[in-house]
Amino acid sequence: MADAIADTRRLYTKPQNLNDAYGPPSNFLEIDVSNPETIGVGRGRYTTYEVRLKTNLPIFKLKESSVRRRYSDFEWLRAELERESKVVVPPLPGKALFRQLPFRGDDGIFDDSFIEERRQGLEQFLNKVAGHPLAQNERCLHMFLQDESVDKNYTPSKIRQA
């Protein structure tokens, strides 16, 4: 019985100093997907999202960036990561095929509640993927997060630490 009690003793940790509490965080990577904008009309209509990144990780060339991406860009990124990396890539939020049917009582895939639900799913997807050390080495992730446009004819490669 004495052994069980010994295992529950409080672990003493060194007190936190002001620099630990208020100094710069060690490593951080924050990605927000926000500001959805629906563009075009009819069959050419689509929604883009702002993808904002803030980091102090040395592997990213820009410490802050903001780009606009549409759902098909996220699909491209997922396919590239599945093909090029050793990472188990999480799923994207669904394609919402039923929302694309005509004669619905709402705006389908352009309905505000659907766009918000998809935005949250895309943000979770990106944060999971970008937080993975192996995915951080992939050129496609850097291009997706930091280049103005996605060059889908790029040559896959690994990024080396800066």
Side-chain angles (χ1 to χ4, degrees), residues 23-162:
S26 44
N27 282 340
F28 73 93
L29 174 64
E30 296 169 13
I31 299 172
D32 295 320
V33 176
S34 59
N35 302 327
E37 282 180 15
T38 298
I39 297 162
V41 291
R43 288 194 156 295
R45 197 171 176 202
Y46 61 92
T47 301
T48 65
Y49 301 86
E50 182 181 3
V51 176
R52 282 193 319 242
L53 171 136
K54 283 186 179 177
T55 187
N56 65 356
L57 295 175
I59 198 156
F60 290 97
K61 68 176 187 256
L62 301 174
K63 298 310 167 204
E64 289 191 30
S65 61
S66 173
V67 294
R68 289 206 78 82
R69 298 289 181 252
R70 55 191 289 185
Y71 186 81
S72 59
D73 296 327
F74 285 85
E75 290 180 310
W76 171 84
L77 174 64
R78 185 174 192 284
E80 288 299 301
L81 287 170
E82 271 193 329
R83 197 180 74 224
E84 296 300 326
S85 75
K86 306 274 186 281
V87 177
V88 176
V89 186
L92 283 166
K95 194 69 176 138
L97 297 175
F98 290 115
R99 282 192 168 270
Q100 297 176 34
L101 295 173
F103 312 117
R104 290 179 52 91
D106 62 13
D107 282 335
I109 62 169
F110 302 108
D111 189 68
D112 287 346
S113 64
F114 173 72
I115 288 173
E116 174 56 19
E117 195 178 300
R118 178 174 268 185
R119 183 203 66 73
Q120 289 174 12
L122 293 173
E123 186 172 275
Q124 286 173 348
F125 166 79
L126 267 188
N127 276 287
K128 280 181 187 166
V129 165
H132 195 294
L134 290 176
Q136 290 172 5
N137 293 329
E138 296 298 332
R139 172 81 188 104
C140 59
L141 179 68
H142 289 254
M143 185 168 47
F144 180 91
L145 290 172
Q146 300 199 310
D147 290 4
E148 196 58 46
S149 60
V150 173
D151 174 9
K152 294 185 178 170
N153 298 317
Y154 84 116
T155 304
S157 62
K158 305 289 183 219
I159 303 284
R160 300 283 168 237
Q161 284 280 2

Table please: side-chain donor-acceptor pairs of residues 28-40 below 3.5 Å, with sequence neighbours left out.
unit_1, atom_1, unit_2, atom_2, d
N35, ND2, E50, OE1, 2.4
T38, OG1, T47, OG1, 3.0

Quiz prompt | Donor + acceptor pair across side chains of R52, S66 (<3.5 Å) | solution =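 Side chains of R52 and S66: no pair found under 3.5 Å.
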Quiz prompt | Distance-only donor-acceptor check, side chains Q120 and Q124, under 3.5 Å | solution =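 Q124 and Q120 do not have a side-chain donor-acceptor pair below 3.5 Å.
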Measure the [atom1]-[atom2] distance between [X] and [Y] for me, rounded to the nearest 0.5 Å.
{"X": "M143", "Y": "E148", "atom1": "CE", "atom2": "CD", "result": "13.5 Å"}
{"X": "K158", "Y": "I59", "atom1": "NZ", "atom2": "CD1", "result": "10.5 Å"}
{"X": "R139", "Y": "D151", "atom1": "CZ", "atom2": "CG", "result": "8.5 Å"}
{"X": "D111", "Y": "E116", "atom1": "CG", "atom2": "CD", "result": "11.5 Å"}

Exercise. Could you tell me if the ring centre of W76 sits under 6.0 Å from that of Y154?
Key: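 For W76 and Y154, the ring centres are under 6.0 Å apart.
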Quiz prompt | Ring-ring centroid check Y71 Y49, cutoff 6.0 Å | solution =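 When the ring centroids of Y71 and Y49 are compared, they turn out to be at least 6.0 Å apart.
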Quiz item: Backbone N or O of T48 within a donor-acceptor pair of the R68 side chain at under 3.5 Å?
Solution: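 Checked: pair present.
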Quiz item: Which is it for E75 and L77 under the side-chain contact (heavy atoms from CB on, under 4.5 Å) test, yes or no, and what are the steps along the way?
Solution: CA-CA 5 Å; E75 290 180 310; L77 174 64; over 6 Å; no
State, with a plain yes or no, whether a side-chain heavy atom of [X] is found less than 4.5 Å away from one of [Y].
{"X": "F144", "Y": "V67", "answer": "no"}
{"X": "L126", "Y": "L145", "answer": "yes"}
{"X": "E138", "Y": "L81", "answer": "yes"}
{"X": "Q136", "Y": "I159", "answer": "no"}

For [X] and [Y], which heavy atoms make the closest approach, and how far apart are they?
{"X": "R78", "Y": "V89", "result": "NH2-O, 3.1 Å"}
{"X": "L141", "Y": "V129", "result": "CD1-CG1, 4.1 Å"}
{"X": "C140", "Y": "E80", "result": "SG-CB, 3.7 Å"}
{"X": "T55", "Y": "L62", "result": "CG2-O, 4.0 Å"}

Quiz prompt | E123: partners by salt bridge (Lys or Arg N to Asp or Glu O under 4.0 Å), with sequence neighbours left out | solution =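 Partners of E123 under the salt bridge (Lys or Arg N to Asp or Glu O under 4.0 Å) test: R119.
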Quiz item: Which pairs, with at least one residue in residues 54-65 and sequence neighbours excluded, count as a salt bridge (Lys or Arg N to Asp or Glu O under 4.0 Å)?
Solution: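 As it turns out, the salt bridge (Lys or Arg N to Asp or Glu O under 4.0 Å) pairs with a partner in residues 54-65, which skip direct neighbours, are K61-D147.
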Quiz item: Does NZ or CZ of R69 lie under 6.0 Å from the centre of the six-membered ring of F74, at an angle within 45° of the ring axis?
Solution: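 No, cation not above the ring by the 6.0 Å, 45° rule.
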